[in-house]
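The structure displayed is predicted, hence computed values, not measured ones.
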Amino acid sequence: VQLVLASRAEWAMRLLQEIENGKIERSAIARETVDKLRQHDDEKVVSLMEKLFGKPRESVATLVTAETLAEVARLAAKVKDGGNPLKGQAVFAQRCGNCHAIFGQGGRVGPDLTSYKRDDLDVMLINITAPSAEIREGFESYFIKTKDGRRLTGILAQQDKQLIVLRGADGQDTSVPRDQIELQKLLRQSLMPEGILNDISDDDLRNLFAFLRSSQPPK
């Protein structure tokens, strides 16, 4: 629902006003919704967004910064003690399964991780902490603005001469006739949000990576 409300300027403005008035908690707004709200060029939406959420950070997501490497080292030190893959499977389903599949289970927004090089802990951690540093081919995100004012973001699920189908971060597909597209551009930012491990407990972190590094589904 949040992503739908963020897709049109008038709806986005109403959502932001509800947040400003205290009827909706700012903390209840998903990161993907904030990203979509920032795509609007309506001056009132931009002004209220900056008031409520601050100005957007400079685009450094495509770089693996010293801060990223420090975070990778911190997480790696916690993970190396090992964990329970079966419990980690539940953590994966909760935190990653809406977008990623593994061992035949999960979403279709991000790459299937089954054949991914999951024994390289540092690479996995970099891809999680800085998801825009390296975006796999076929999973680039696109922004589309339609002639009736909708703003859509997602990966290119399908396309032909008449139609483009975008798959959003929520896993839902949206079909857009080409003759209704006002603007289409490739984004340099992954649909995967940063900071998905910020609030994870040490036990859940160890269990998650025990599962991710498993060669077969745990039993």
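- In this structure, the side chains of Phe53 and Arg38 come closer than 4.5 Å at one or more pairs of heavy atoms.
- In summary, Asp120 and Arg118 do not engage in a salt bridge, as defined by a charged side-chain N under 4.0 Å from a carboxylate O.
- A donor-acceptor contact shorter than 3.5 Å links the side chain of Asp170 to the backbone of Gln172.
- At a threshold of 4.5 Å between non-hydrogen side-chain atoms, the residues Gln162 and Pro177 do not count as touching.
- The closest side-chain donor-acceptor pair between Gln159 and Arg178 falls under 3.5 angstrom.
- The side-chain contact (heavy atoms from CB on, under 4.5 Å) check on Val4 picks up Trp11, with sequence neighbours excluded.
- Between Val91 and Phe211 the shortest side-chain heavy-atom distance does not fall below 4.5 Å.
- Listed by chain and residue number, Glu20 satisfy the side chain to side chain donor-acceptor pair (under 3.5 Å) test with Lys51 (two or more places apart in sequence, or in another chain).
- Taking Ile, Leu, Val, Met, Phe, Trp and Tyr as hydrophobic and joining them when side-chain heavy atoms fall under 4.5 Å apart, one finds Ile181 in a cluster with Tyr142, Ile144, Leu152, Leu156, Ile164, Leu166, Val176, Leu186.
- Listed by chain and number, the residues in a side-chain contact (heavy atoms from CB on, under 4.5 Å) with Ala90 amount to none (sequence neighbours excluded).
- One hydrophobic cluster holds both Val123 and Leu208 under the rule that ILVMFWY side chains link at heavy-atom gaps under 4.5 Å.
- For Asp41 and Lys145, the salt-bridge test passes: some basic side-chain N is under 4.0 Å from an acidic carboxylate O.
- Membership of the apolar cluster around Leu187 extends to Phe143, Leu183, as traced through chained side-chain contacts below 4.5 Å between ILVMFWY residues.
- Electrostatic pairing of Asp203 and Arg206 counts as a salt bridge here, judged by a charged N lying under 4.0 Å from a carboxylate O.
- Ile196 pairs by the side-chain contact (heavy atoms from CB on, under 4.5 Å) definition with Ile128, Met192, Pro193, not counting sequence neighbours.
- Side-chain contact between Leu48 and Gln17: present, with at least one pair of heavy atoms (C-beta onward) separated by less than 4.5 Å.
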